[in-house]
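Take a look at the structure set out below.
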Number of protein chains: 2
Amino acid sequence: MAKAGPRAGTLRRQLSADVRAALVNAAIAALRETGYAGASAREIARRAGCSQALVFYHFGSVNDLLLAALDEVSARRMASYRGLLAHATSVTALAAAARDILTADLDAGYVRVLIEMITAAHAVPGLGDQVAERLQPWRELTEQAAMSALGRSPAARLLPPGDAARALVAGFLGLELLASLDNDRAAALALLDRAGSLARLLDMLAGLRLPGRKEDR
Amino acid sequence: MAKAGPRAGTLRRQLSADVRAALVNAAIAALRETGYAGASAREIARRAGCSQALVFYHFGSVNDLLLAALDEVSARRMASYRGLLAHATSVTALAAAARDILTADLDAGYVRVLIEMITAAHAVPGLGDQVAERLQPWRELTEQAAMSALGRSPAARLLPPGDAARALVAGFLGLELLASLDNDRAAALALLDRAGSLARLLDMLAGLRLPGRKEDR
DNA sequence: GTCTATACTTGGATAGAC
DNA sequence: GTCTATCCAAGTATAGAC
């Protein structure tokens with residue numbers, strides 16, 4: 001997280017890193033609670049308890065700080081969920097994991113941060129590519145999860161993992177938007193429970209058909 | 001569209017209505033192309049070719065103009081799609097209609113307008129309820145479509161129309177977000193083609209099971 | 001009804017003291 | 001590295017001429 005740090009790890013350097021971390025955390029909170037428009041240098045500095053000038057000293061511009069905040073969110077998500085998804089080897093397990101993940105994301109506001117940056121990217125020139133870059137690892141993780149869940153079942157023919165991943169990510173984003181609008185995340189979670197039931201059906205069908213197939217030598 | 005208009009429909013009144021309409025159209029275009037943050041009174045007036053002061057004269061505030069723009073978008077969507085969805089009496093037909101509708105929405109930028117307002121509602125106090133109000137008819141239309149598509153098939157047990165409608169709306173929003181980010185709507189449409197294949201499977205399953213049921217007297 | 005001009009506010013970014 | 005002070009741009013909203 002430190003910029004370079006080759007020489008002696010002095011106290012000053014440590015304090016400076018603290019400020020950077022505080023600014024990033026404040027930026028995440030501001031994005032989540034007041035949106036991109038409300039995430040101004042002044043607002044973020046107020047939350048971090050420091051001067052507004054430090055935003056520009058440490059990050060160059062507000063946008064670059066917000067991108068650093070998005071990086072941090074991505075890193076946290078990856079650390080938490082990679083393990084959760086690694087063992088989802090059935091559609092049922094994938095649906096259950098998706099439910100846990102959405103719950104955590106809604107609580108932590110990670111999806112909100114993502115949505116704010118995606119929406120802002122539409123208006124701010126050049127931001128789109130940088131946001132897309134940071135979304136990419138997440139999409140890959142989702143695709144991998146879809147692959148291990150669908151496995152070699154016939155469902156993979158009807159819905160390739162790439163498409164499944166896109167649908168899952170889009171679903172997360174859309175559900176968060178609706179949940180934030182009516183301030184009701186229970187409905188979103190109920191929907192994922194339904195998905196769980198459908199997943200069990202899919203796994204059953206896969207189980208019925210798999211033995212009858214005659215490929216893979 | 002006119003405010004009241006009880007007396008003689010003079011030329012002046014007509015011209016005034018034209019300005020109102022021009023402002024609403026300019027607001028829609030601004031929301032679509034520059035987002036909520038870029039949809040300022042100055043920008044909208046520039047697009048409408050009139051003075052910035054007229055925004056406040058006719059609509060009182062920028063937010064109220066943007067809500068009028070959302071009303072107009074809702075009205076146009078309803079007029080176009082109600083007929084399209086009325087005859088979707090199978091999941092396959094529903095998927096096909098959804099594909100046509102998403103294509104039209106992406107081209108016209110209607111979903112974009114909606115997303116901008118939903119996202120803004122998160123930050124602007126009091127806006128959420130007004131946006132939710134305007135989203136309601138759309139949700140009802142979608143639910144009705146889901147009902148007529150699922151009909152009395154067993155799928156309706158696993159996925160009630162209300163949940164199906166929520167999933168559809170969330171999917172539209174999420175797909176538009178992703179499509180705008182990578183500037184690629186082909187991927188979103190390809191996904192809906194996949195949904196079409198799955199829908200055919202669902203209809204087949206429903207057809208297999210329906211004859212064997214013994215209720216509804 | 002429509003315009004120009006302006007008061008007021010907020011935000012990005014920099015300068016310079018410490 | 002961190003602060004205060006400041007410049008400049010852009011936005012909302014209103015006043016007043018026409």
What's the OH-P distance between Tyr57(B) and dT4(C), to the nearest Å?
17 Å
Per atom distances to the Phe56(B) side chain, the nearest of dC3(C), dC3(D), dA13(D) is dA13(D)
Are the side chain of Arg185(B) and the backbone N or O of Leu106(B) linked by a donor-acceptor pair below 3.5 Å?
yes
Rounded to whole Å, the CG-C1' distance (Leu54(B) to dT4(C)) equals 12 Å
Charged N to carboxylate O under 4.0 angstrom, Arg77(B) versus Glu72(B)?
no
Whole angstroms only, please: what is the CZ-P distance between Arg20(B) and dG1(C)?
10 Å
To the nearest angstrom, the NE2-P distance between His58(A) and dT14(C) comes to 15 Å
Would a distance-only check, ignoring hydrogens and angles, find a side-chain to backbone donor-acceptor pair under 3.5 Å from Ser148(A) to Ala88(A)?
yes
Hey, is the side chain of Ser51(B) poking within less than 4.0 Å of OP1 or OP2 on dT2(C), counting only N and O atoms?
no
Below 4.5 Å, heavy atoms only, C-beta onward: do Asp105(B) and Phe172(B) meet side chain to side chain?
yes
Using atom CZ of Phe59(A) as one end and atom P of dG12(C) as the other, report the distance to the nearest whole Å.
15 Å
What is the separation between atom CD1 on Ile44(A) and atom C1' on dG12(C), rounded to the nearest whole Å?
12 Å
Roughly how far, to the nearest 0.5 Å, is CZ of Arg139(B) from CZ of Arg166(B)?
5.0 Å
Among the nucleotides dG1(D), dT2(C), dC3(C), whichever has the atom closest to the side chain of Val19(B) is dT2(C)
Proximity to the side chain of Gln52(A) - top-ranked nucleotide from dA13(D), dG1(D), dA5(D)
dA5(D)
Is there side-chain contact between Leu85(A) and Gln144(A), with at least one heavy-atom pair below 4.5 Å?
no
When you compare the protein's N or O atoms with those of nucleotides 9-11 of chain D, which come within less than 3.5 Å of each other, and at what distance?
unit_1, atom_1, unit_2, atom_2, d
dG11(D), N7, Arg42(B), NH1, 3.0

Cys50(A) has its side chain closest, among dT4(C), dC3(D), dG12(C), to dC3(D)
Quick one: Arg46(A) CZ to dG11(C) P, roughly how many Å, whole number?
11 Å
Ignoring hydrogens and geometry, is there a side-chain-to-backbone donor-acceptor pair from Asp203(A) to Ser90(A) under 3.5 Å?
no
Spacing between Leu65(B) atom CG and dA13(D) atom C1', to the nearest angstrom
14 Å
